[in-house]
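A, B, ... follow the sequence lines: proteins, then strands. Residue 1 opens every chain.
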Amino acid sequence: MASIKLPDGSVKEMADGSSVMQLAESIGRGLAKAAIAANVDGKLVDLFYPLAGPHEVRIVTERDPDGLQVMRHSAAHVLAQALRHLYGRDVQYTIGPVIENGFFYDFELPPGFSADELPKVEAEMQKLIDANLAFSRQDVPPEEARRILRGENQRFKDEIIDELEKAGEKTVSVYREGDFTDLCRGPHVPATGKIKAFKLMSVAGAYWRGDSNREQLTRVYGTAFFDKKELEKYLNLLEEAKKRDHRVLGKQLSLFTISPLVGSGLILWMPKGAMLRYQLETFIRQELTRRGYQQVYTPHVGNIELYKRSGHYPYYKESQYPPIHMAERTGPVAGAATGPADLSRQAALDTEEYLLKPMNCPHHIQIFAAEPKSYRDLPVRLAEFGTVYRYEDSGELNGLTRVRGFTQDDAHLFCTPQQVEEEFRSTIELVQFVFRSLQFQDVEVRLSLRDPASAKFAGDPKLWDLAEAQLAKVLTEIKLPHTVAKGEAAFYGPKVDFIVRDVLGRKWQLGTVQLDYVLPERFELEYVGPDGKKHRPVMIHRAPFGSMERFTGILIEHFAGAFPLWLAPVQAAVLSISEKSNSYAAEVVQTLQQAGLRVEANLSADKIGAKIREATLQKVPYMLIVGEKEAQGRLVAVRTRAGVDQGQMPLEQFIGRCQKEIADHGLGEAKIPVSA
RNA sequence: GCUGGCAUAGCUCAGCGGUAGAGCGCCACCUUGGUAAGGUGGAGGUCCUGGGUUCAAUCCCCAGUGCCAGCUCCA
């Protein structure tokens, strides 16, 4: 007998070999109808899975997130089947997993396949869904699976089967629906009719096995839901997300631009974007002063020897702008060497090469090393908004979030080994403070460690172990939930990264705190300890924003362009009712500017409705409507960008409220109360 | 870097083998209007760049550049 324990704690006895479906039916017709798959002892299985002996079983239905995943995976199979029908047996299907908002499947397709074909593919899929083809499963030895899939003319599957075999699998599973056969772990929906609403989203390239040296496949993305309304909701969400895209808002709100003539990935900050950035920088600067940092400035280039010494050059040669060769300036004409001194000078110039700096740490290290240090001086915290240049592959560039020139809100802390944990803790707290101040909720904290198997990581493994242990200890002490990523460390040390998503769901690393025992070693940094002897300091690299460009990009999306008052490039728009009120409007502007507020006036011949509309679209926090009534009483009529008419108030009162709102960085959905 | 798509007015986009359009924006005039679009007129284009096919190319072909999506990479 199969003894089935259900989620409500009850136990059901069934004949051995009874299927999950039979179990569901025995519980209720409704459940059987809604059943998609089942969770048996923690494992997802098909409805035809046979039960024997004691089990804990939970029927997975359409309402269960697992059910959605199973159905989407089945949709991927239907996609493959449809492509096979349309393009023949040469179509190679490789892998087709479920992803966060849908699924994809990678194919080798006839050349010329493009997104234009998707409607045709969708139509074929719909036919297969309408046919309500049942899924079936067969467990076979690897050799048999190989034979079956070769019979289907599939060559990529061999490689997958080989791996499964190597991993010790004695049997592998093959699923069929209608005339389509695929190697698959399962489970699947009972029949294709369970796929109620689906859409193919896009076509893109992808490498077989994610290896850029191997076959380039065609990846078809799709999504599916149990309900047409759910699908529509999702598609609407995507539309809304596009409107928040910082590249779109950056243009609409005149925040930044990129000119191909200047260069790809090089950001031109327009006045409004620059003001936003200036406010962020001011905010950080104040924080740094409070926390005992010292500001420094360093140049945008550095001798290549500096980076050879630091180790950056060999590691990151690929993604640097090519070195500037001085030799090109000292050819035969320019050289005109006449004496031995000139010759040696020219020889030196000939070999000199400069890099646009890919990072600031080597420069800061030179500042630290410029004067002898005592343990009494430590920790030394050197901060700079340092602009760095990295030659990213063209395909990587993306608005403000992936660029070739960017400014880090960088700092390097030099401390004694005893100070490491405290300094590390306080920098983590600084990053958290920054994120909190900007109302970021959804931040992934990632502890990035080295991969001992990789040659990428420099320095003494013992120091790595120490550094990694220190980071983990601090994270545990401050109870900061985090993920761990092996192999993601910087070449010189482990780090804690703060990662957020953009509106399209892509993850970006913003803040970072990195522990480094390697660079102090390479540059032979030292300080004199209480014992009068030389000791080696430890470095912490940290950037709460990460880069001003990327952070600003994410911030634009975060606020959908409606920045809190303290950040808004224009804080108030003064709108005159008619040109008769223009002189008072100008006076209001001047008064507000004198009070330190950022104001724009609209004195045009437009009607007030049009002026309000324009300022609202520009997401200006406050609109001050001024007509003859206001002019007489030195008043302003306040309207928020959210569309709330807050009525008239004395000009001075408005200023006072703004100053208060700015000072406490309150989120500016125009929260000035009408009374008080 | 790879695969695919796209590139037309300041912006968003339509269009066609016979040298080009809309809406918004801009400018001017009229209007002086009280909380999300007043009216009229006007200016504005190397149809991304370079080759090729053609009597003729913005359109078709090739190459390049840039952008978009994904992959790969990522300090």
Side-chain angles (χ1 to χ4, degrees), chain A residues 99 104 106 109 111-117 201-221 242 245 247-248 251-252 254 257-261 263-265 307 310-313 315-316 318-320 357-361 388-399 402 406 408 410 448 456 488-493 495 497 504 506 508-509 512 514 541 543 546-547 575-582 604-617 623-630 637-648:
Chain A
I99 52 175
F104 68 77
D106 286 349
L109 289 169
F113 181 86
S114 78
D116 298 342
E117 326 261 327
M201 306 298 291
S202 61
V203 175
Y207 299 104
W208 170 233
R209 308 258 98 175
D211 182 344
S212 55
N213 296 316
R214 303 203 55 182
E215 291 92 334
Q216 173 112 35
L217 305 169
T218 302
R219 175 170 298 180
V220 180
Y221 283 90
K242 270 188 208 157
D245 189 315
R247 294 165 299 187
V248 173
K251 195 169 271 181
Q252 281 170 0
S254 304
T257 189
I258 301 169
S259 158
L261 200 53
S264 294
Y307 300 102
S310 69
H312 290 108
Y313 186 66
Y315 278 97
Y316 303 111
E318 299 302 301
S319 55
Q320 282 162 184
K357 69 175 169 186
M359 52 250 313
N360 303 304
C361 24
V388 298
Y389 298 89
R390 303 176 187 181
Y391 195 83
E392 306 289 354
D393 283 341
S394 60
E396 310 307 335
L397 301 175
N398 185 78
R402 191 77 187 266
F406 58 94
Q408 298 175 314
D410 212 356
S448 295
K456 172 183 150 186
E488 293 296 318
F491 81 86
Y492 46 74
K495 53 180 183 161
D497 294 325
L504 299 177
R506 297 180 287 209
W508 300 99
Q509 179 197 309
T512 182
Q514 315 177 345
H541 308 233
S547 99
L575 314 178
S576 56
I577 292 285
S578 83
E579 289 171 14
K580 285 181 197 150
S581 310
N582 278 358
S604 76
D606 285 338
K607 286 178 139 182
I608 194 64
K611 293 184 185 183
I612 287 170
R613 179 179 150 84
E614 194 192 332
T616 306
L617 290 175
M623 280 156 264
L624 305 180
I625 288 115
V626 296
E628 295 187 76
K629 283 182 261 174
E630 286 77 15
V638 179
R639 182 190 163 102
T640 71
R641 64 185 158 201
V644 180
D645 181 353
Q646 299 190 319
Q648 293 177 337

Looking for any heavy atom pair under 4.0 Å, which part of the strands does A:L617 touch: base, sugar-phosphate only, or nothing? base

Pick out the pairs of N or O atoms, protein on one side and nucleotides 40-47 of chain B on the other, that lie under 3.5 Å.
none

Between B:C55 and B:G70 - P atom distance, rounded Å: 45 Å

Provide the distance between the two C1' atoms, one in B:C48 and one in B:A28, to the nearest whole Å. 33 Å

Report, as a single string ordered 5' to 3', how protein heavy atoms within less than 4.0 Å touch nucleotides 63-69 of chain B: B base, S sugar-phosphate only, - not at all. ---SSSS

Residue closer to the 5' end of RNA chain B, A:Q509 versus A:R219 (nearest nucleotide): A:R219

Regarding A:A615, tell me which of base, sugar-phosphate or nothing describes its non-hydrogen contacts under 4.0 Å with the strands shown. nothing

Rounded to whole Å, the CG-P distance (A:D106 to B:G4) equals 15 Å

Which value, in whole Å, describes the distance between the P atoms of nucleotides B:C62 and B:A7? 16 Å

Go through the steps to decide whether A:D106 and A:R219 satisfy the test salt bridge (charged side-chain N to carboxylate O under 4.0 Å, His left out), and finish with yes or no. CA-CA 4 Å; A:D106 286 349; A:R219 175 170 298 180; 2.7 Å; yes

Looking for any heavy atom pair under 4.0 Å, which part of the strands does A:G627 touch: base, sugar-phosphate only, or nothing? base

Verify, without hydrogens or angle tests, whether A:K611 (side chain) and A:S604 (backbone) share a donor-acceptor contact under 3.5 angstrom. yes

As an exercise, state the distance from CD of A:E396 to OG of A:S264, rounded to the nearest 0.5 Å. 13.0 Å

Go through the structure and list residues passing salt bridge (charged side-chain N to carboxylate O under 4.0 Å, His left out) with A:E392, not counting sequence neighbours. A:R402

Those residues that, when tested against A:R247, pass salt bridge (charged side-chain N to carboxylate O under 4.0 Å, His left out) (two or more places apart): A:D245

Pairing residues for A:S310 by the side chain to side chain contact (heavy atoms under 4.5 Å, CB included) criterion, not counting sequence neighbours: A:Y307, A:H312, A:P362, A:L519, A:F523

Closest of B:U12, B:C73, B:G70 to the A:K251 side chain is B:U12

Can you tell me how far CD of A:Q509 sits from CD of A:E488, rounded to the nearest 0.5 angstrom? 9.0 Å

Give each protein N/O atom lying under 3.5 Å from an N/O atom of nucleotides 30-33 of chain B, with the pair distance.
unit_1, atom_1, unit_2, atom_2, d
B:U32, O2', A:K580, NZ, 3.0
B:U32, O2, A:S578, OG, 3.3
B:U32, O2, A:E579, N, 2.9
B:U32, O4, A:E579, OE1, 3.0
B:G33, N7, A:I577, O, 2.6
B:G33, O6, A:E579, N, 3.0
B:G33, N1, A:A605, O, 3.4
B:G33, N2, A:A605, O, 3.3

Quick one: A:W508 CH2 to B:C74 C1', roughly how many Å, whole number? 10 Å

Partner set under side chain to side chain contact (heavy atoms under 4.5 Å, CB included) for A:L617, not counting sequence neighbours: A:R613

Taking atom P in both B:U31 and B:A36, what distance in whole Å separates the two? 25 Å

Is the backbone N or O of A:N213 less than 3.5 Å from a side-chain atom of A:D211, with the two atoms forming a donor-acceptor pair by type? yes

Considering only atom C1', compute the distance from B:G18 to B:A56 and round it to an integer number of Å. 6 Å

Interatomic distance, A:K607 atom NZ to A:I612 atom CD1 [nearest 0.5 angstrom]: 12.5 Å

Taking salt bridge (charged side-chain N to carboxylate O under 4.0 Å, His left out) as the test, write out the residues that go with A:K495, two or more places apart. A:D497

Taking only the side-chain nitrogens and oxygens of A:R214, find out if one of them lies under 4.0 Å from OP1 or OP2 of B:C2. no

Closest-nucleotide ordering on RNA chain B, the 5'-leading residue of A:K495 and A:A637: A:A637

Which of the following nucleotides, B:U35, B:G70, B:A37, is nearest to the side chain of A:A610? B:A37

Go through the structure and list residues passing side chain to side chain contact (heavy atoms under 4.5 Å, CB included) with A:Q320, not counting sequence neighbours. A:Y313, A:Y316, A:L355, A:P358

Heavy atoms under 4.0 Å, any strand shown: does A:R390 hit a base, just sugar-phosphate, or nothing? base

If you measure from the C1' atom in B:A20 to the same atom in B:A9, how many Å do you get, rounded? 11 Å

If the condition is salt bridge (charged side-chain N to carboxylate O under 4.0 Å, His left out), which residues does A:K242 pass it with, not counting sequence neighbours? A:E239

Where each pair must be Watson-Crick or G-U wobble with both distances under 3.5 Å, what dot-bracket representation of RNA chain B is obtained, with crossing pairs in [ ] and other-strand partners as |? (((((((..((((....[..)))).(((((.......))))).....(((((..]....))))))))))))....

For atom P, what is the distance between B:U35 and B:G44, given to the nearest Å? 38 Å

Sequence neighbours left out, what passes side chain to side chain contact (heavy atoms under 4.5 Å, CB included) with A:K251? Give chain and number order. none

So, does the side chain of A:E630 form a donor-acceptor pair with the base of B:G34 at under 3.5 Å? yes

I'd like to know if A:Y207 reaches the base of B:G1 with its side chain such that a donor and an acceptor end up less than 3.5 angstrom apart. yes

Is it true that a side-chain atom of A:E630 and a backbone atom of A:G627 form a donor plus acceptor pair closer than 3.5 Å? yes

Separation between the P atoms of B:C2 and B:U19, rounded to whole Å: 39 Å

